[in-house]
Amino acid sequence: MDKNSDEYLEALRHTASHILAQAVKRLYPETKLCIGPAIEDGFYYDFFRQEPFSPQDIENITFEMEKIVRDNLTVERIDCDRKKAAELLKDEPFKMELLNEIKGEKISFYRQGEFIDMCAGPHASSTGEVKYFKLLNVSAAYWRGDEKRESLQRIYGVCFPEKEQLDLYLKNLEEAKKRDHRILGQALGLFSLQPDFGPGLVYWHPNGATIRKVIEDFWRDAHFERGYHLLYTPHIASISLWEKSGHLSFYRENMFPSMNFEQGFPYQLKPMNCPFHILIYQSTLHSYKEFPIRWAELGTVYRYEKDGVLHGVLRVRGFTQDDAHIFCRPDQIENEVTELLDFVMYFLSSFGFSEYEIYLSTRPDRFVGTVENWEKATKALENALIKKSLSYQIDPGEGVFYGPKIDIKIKDCLKRTWQCSTIQVDFNIPERFGLKYVNQENQFERPIMIHRAIMGSLERFFGILIEHYSGNFPVWLAPVQVKILTVADRFIPYAEKVLGFCRKNKIRADLDGSSESLGKKIRTAENEKIPILAVIGEKEQLTETLAVRLHKKGMKGAVSVGDFVRKIKEIEETKSIEIDF
RNA sequence: GCCGCCUUAGCUCAGUGGUAGAGCAGGGCACUUGUAAUGCUCAGGUCCGCGGUUCAAAUCCGCGAGGCGGCUCCA
């Protein structure tokens with residue numbers, strides 16, 4: 001059997017989970033078994049046990065698992081009837097619950113040594129095949145994912161057929177840790193969170209704020225080019241707006257509590273921008289001739305997230321959406337979405353993301369609007385995808401209740417996927433607010449509204465960028481593009497001249513004029529991941545040049561100041577990632 | 001929110017009942033340096049908070065806050 005086929009890997013990992021369960025049962029016999037499937041790269045097993053598993057326990061379990069692997073126990077399938085199955089599971093209440101839900105009379109079990117578990121299989125033929133595994137972590141999980149049910153302990157592990165694959169996996173894990181945006185964010189002066197004064201709220205430090213400014217400028221320019229207009233709207237509004245939009249009923253648990261004043265309506269911090277854009281739409285009468293209307297806003301929203309889910313800048317309680325709303329006629333959806341797909345690809349690829357996973361989500365069980373409109377809109381979205389020859393998967397029934405949507409996930413350099421862009425048709429809000437426009441026959445009609453975001457959240461996108469580039473931002477994004485280093489103090493006046501010239505040409509340049517050794521200044525600048533260093537000493541001052549050194553690439557030789565600036569502007573313009581001098 | 005682990009200087013961490021430590025970063029002085037750490041020196045602390053045990057708590061116990069790994073959820 002092919003050792004890398006999905007079937008084999010699944011069987012192997014599934015057997016690994018049984019070995020884990022077997023080891024746990026040997027060491028802690030009072031533990032009750034729940035479920036233990038194979039997952040991507042590995043496996044887990046859920047256990048019910050009062051005592052938590054300590055790191056020492058995990059070590060002991062690993063040791064026991066290794067013994068089971070060495071003993072190379074044969075894995076055999078045993079089919080039995082319901083009665084016999086119930087007999088075998090009499091001490092396993094969770095398994096019993098599963099048994100009671102299985103239809104049919106033939107129940108399969110798998111046995112290795114003294115351990116037997118009800119399981120559909122398939123499995124590896126013996127425990128000796130599971131050589132390369134590692135237990136990674138323990139977490140809590142609810143029985144059947146239901147928070148009202150028992151809290152279980154889940155032990156995760158990874159498992160591969162070859163040692164090299166396990167080593168590579170563990171190495172990638174290390175690599176991902178080194179790229180962690182929370183660590184780089186602090187080390188590079190990009191951002192901070194101030195947990196003592198409100199968890200999940202992002203402070204953009206000078207270097208991070210510079211990157212954000214570059215992103216925002218690029219974003220605005222790209223929108224103007226595509227016929228968008230920009231909006232700014234308030235951060236709070238009377239709660240009545242949220243009643244009208246319906247958020248109070250379907251989004252309440254994600255909203256911060258309202259602010260009560262002595263008189264009048266309480267105010268509410270906004271979790272979304274759309275109602276504000278709607279109000280602007282409603283402030284005048286609209287004709288079909290204006291369509292499509294494309295309005296965009298970098299709108300900061302606040303959502304109450306449960307404390308356990310916050311994660312760096314990737315999951316926060318206050319974030320800025322690159323939000324836009326398009327108002328159009330139903331027959332314009334397809335064209336708008338086609339253009340949007342173009343826009344999204346252009347935008348994301350500018351940041352170095354060129355691999356995508358695209359999902360089309362269709363009508364869920366609970367929905368608003370008519371089936372006919374849903375079908376038309378879904379078809380329009382699908383046609384747009386087909387027109388752009390993009391491959392996509394359909395997520396049946398995964399649409400939001402108010403309309404079908406396209407989600408685009410990007411892949412970073414570690415092949416991890418991140419959901420950023422989303423294009424959603426909304427049948428709900430135009431209805432609730434009674435939106436209208438005047439058609440060709442001078443009749444009022446309801447416009448279609450499309451919500452869309454490209455980055456999703458600036459904070460989140462920023463975090464993804466940090467990890468994607470591991471803090472080594474391309475020149476166009478780098479907060480400091482050039483750092484000038486002097487060999488000795490007496491070259492500072494010339495260095496300042498060069499600095500001034502760079503800045504005049506809108507190059508983000510700094511000068512390290514400290515009395516440290518050149519070696520120390522280089523070390524510092526390299527650690528700051530500054531893409532281009534310019535060293536200035538005797539030779540350079542005499543010839544009006546500077547010695548270029550590129551991050552991680554080392555010395556490149558002398559260039560005239562004019563050429564230096566021209567070259568950087570060119571690199572910036574083309575958004576090049578790999579650069580050379 | 002749930003389970004486990006964690007919280008000591010700006011950062012990374014040592015100290016596990018008996019006077020609070022190191023490296024880096026920061027300040028000062030000297031050096032004036034040619035491609036990844038020059039030397040000397042100084043300063044820096046509510047040991048997360050509150051309560052308890054004890055002659056004595058950074059250290060043990062309880063509660064709370066926050067962080068981390070997951071679960072559930074999600075931009």
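Side chains are part of it too, since the values below use all heavy atoms of this structure and drop only hydrogens, waters and symmetry mates. Numbers restart at 1 for each chain; the letters A, B, ... are given by sequence-line order, proteins then strands.
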Identify the nucleotide, in any strand shown, that forms a Watson-Crick or G-U wobble pair with [N], with both distances under 3.5 Å; if there is none, say none.
{"N": "B/U32", "answer": "none"}
{"N": "B/A14", "answer": "none"}
{"N": "B/U54", "answer": "none"}
{"N": "B/G69", "answer": "B/C3"}

Taking only the [atom1] atom of each, what is the distance from [N] to [M] in whole angstrom?
{"N": "B/G44", "M": "B/G21", "atom1": "C1'", "value": "13 Å"}
{"N": "B/U53", "M": "B/C60", "atom1": "C1'", "value": "8 Å"}
{"N": "B/A20", "M": "B/A9", "atom1": "P", "value": "15 Å"}
{"N": "B/U8", "M": "B/G45", "atom1": "C1'", "value": "8 Å"}
{"N": "B/C47", "M": "B/U35", "atom1": "P", "value": "47 Å"}
{"N": "B/G51", "M": "B/A57", "atom1": "C1'", "value": "13 Å"}
{"N": "B/C29", "M": "B/C68", "atom1": "C1'", "value": "43 Å"}

* To do: Taking atom types as modelled, find out whether A/His451 and A/Asp323 have a side-chain donor-acceptor pair closer than 3.5 angstrom.
  =>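 Their side chains do not contain a donor-acceptor pair, so the 3.5 Å distance test is not met.
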
* Are A/Glu459 and A/Arg315 within salt-bridge range, i.e. N to O under 4.0 Å? ->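 So A/Glu459 does not pair with A/Arg315 through a salt bridge.
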
* What heavy-atom pair brings A/Val475 and A/Gln481 nearest, and what distance separates the two atoms? ->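 Closest approach of A/Val475 to A/Gln481: O-NE2, 2.9 Å.
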
* Please report the shortest heavy-atom distance between A/Leu152 and A/Tyr142, naming the atom on each side. =>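 So the minimum-distance heavy-atom pair works out to CD1-C, 4.0 Å.
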
* Aromatic ring pairing A/Phe94/A/Trp143, orientation class (parallel under 30°, perpendicular over 60°, tilted between) ->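 The arrangement is perpendicular - the two ring planes meet at more than 60°.
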
* Asked: Under 30°, 30 to 60°, or over 60°: which ring-plane class applies to A/Phe343 and A/Phe347, parallel, tilted or perpendicular?
  ->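 Ring orientation of A/Phe343 relative to A/Phe347: perpendicular.
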
Distance in angstrom units between [X] [atom1] and [N] [atom2], rounded:
{"X": "A/Tyr251", "N": "B/A75", "atom1": "OH", "atom2": "C1'", "result": "8 Å"}
{"X": "A/Asn254", "N": "B/U72", "atom1": "CG", "atom2": "P", "result": "17 Å"}
{"X": "A/Asp489", "N": "B/U38", "atom1": "CG", "atom2": "C1'", "result": "14 Å"}
{"X": "A/Arg182", "N": "B/G69", "atom1": "CZ", "atom2": "C1'", "result": "9 Å"}
{"X": "A/Gln194", "N": "B/C48", "atom1": "CD", "atom2": "C1'", "result": "15 Å"}
{"X": "A/Leu310", "N": "B/G69", "atom1": "CG", "atom2": "P", "result": "12 Å"}
{"X": "A/Arg549", "N": "B/U35", "atom1": "CZ", "atom2": "C1'", "result": "5 Å"}
{"X": "A/Leu136", "N": "B/C68", "atom1": "CG", "atom2": "P", "result": "19 Å"}

Does any N or O donor sit under 3.5 Å from an N or O acceptor when you compare the side chain of [X] with the base of [N]?
{"X": "A/Arg154", "N": "B/C71", "result": "no"}
{"X": "A/Arg460", "N": "B/A75", "result": "no"}
{"X": "A/Arg315", "N": "B/C73", "result": "yes"}
{"X": "A/Glu305", "N": "B/A75", "result": "yes"}

At 4.0 Å (heavy atoms only), tell me whether [X] reaches a base, stays on the sugar-phosphate, or touches nothing.
{"X": "A/Ser517", "answer": "sugar-phosphate"}
{"X": "A/Lys539", "answer": "base"}
{"X": "A/Ala141", "answer": "sugar-phosphate"}
{"X": "A/Asp196", "answer": "nothing"}
{"X": "A/Ala547", "answer": "base"}
{"X": "A/Phe53", "answer": "nothing"}
{"X": "A/Glu526", "answer": "base"}
{"X": "A/Val316", "answer": "base"}
{"X": "A/Gly519", "answer": "sugar-phosphate"}
{"X": "A/Glu540", "answer": "base"}
{"X": "A/Asn527", "answer": "base"}

* Any A/His311 side-chain nitrogen or oxygen under 4.0 Å from OP1 or OP2 of B/G69 ->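 Yes, because at least one side-chain N or O of A/His311 sits under 4.0 Å from OP1 or OP2 of B/G69.
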
Of the candidate nucleotides [options], which contains the atom at the shortest distance from the side chain of [X]?
{"X": "A/Pro199", "options": "B/G67, B/A75, B/U35", "value": "B/G67"}
{"X": "A/Ser139", "options": "B/C71, B/U35, B/G66", "value": "B/C71"}
{"X": "A/Pro195", "options": "B/G66, B/C71, B/G70", "value": "B/G66"}
{"X": "A/Val309", "options": "B/A36, B/U32, B/C71", "value": "B/C71"}

* To do: Kindly indicate, with the supporting measurements, whether the criterion salt bridge (Lys or Arg N to Asp or Glu O under 4.0 Å) is fulfilled by A/Arg220 and A/Asp217.
  => CA-CA 5 Å; A/Arg220 284 194 192 94; A/Asp217 285 351; 3.8 Å; yes

* On RNA chain B, nearest-nucleotide positions of A/Gly318 versus A/Thr524: which is more 5'? ->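 The residue closer to the strand's 5' end, by nearest nucleotide, is A/Thr524.
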
* Asked: Taking for each residue the nucleotide of RNA chain B with the nearest heavy atom, is it A/Gly308 or A/Glu538 whose nucleotide lies nearer the 5' end?
  ->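 It is A/Gly308, whose closest nucleotide lies nearer the 5' terminus.
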
* **Cation-pi geometry met for A/Arg363 and A/Phe367 (6.0 Å, 45°)** =>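 Yes, a cation-pi geometry holds between A/Arg363 and A/Phe367.
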
N/O contacts under 3.5 Å, protein versus nucleotides 24-29 of chain B?
residue, atom, partner, partner atom, Å
B/A25, OP1, A/Lys520, NZ, 3.0

* Only one of A/His223, A/Glu336, A/His325 clears side chain to side chain donor-acceptor pair (under 3.5 Å) with A/Arg294; which? ->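 With A/Arg294 as partner, A/His223, A/Glu336, A/His325 yield a single side chain to side chain donor-acceptor pair (under 3.5 Å), made by A/Glu336.
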
* Apply the salt bridge (Lys or Arg N to Asp or Glu O under 4.0 Å) test between A/Lys415 and each candidate in A/Glu40, A/Glu357, A/Glu355; give the one that qualifies. =>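 The passing option is A/Glu355.
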
* To do: Could you pull out all residues at least two apart from A/Phe401 that satisfy side-chain contact (heavy atoms from CB on, under 4.5 Å)?
  =>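 If we apply the side-chain contact (heavy atoms from CB on, under 4.5 Å) test to A/Phe401, skipping adjacent residues, the hits are A/Phe250, A/Val368, A/Asn428.
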
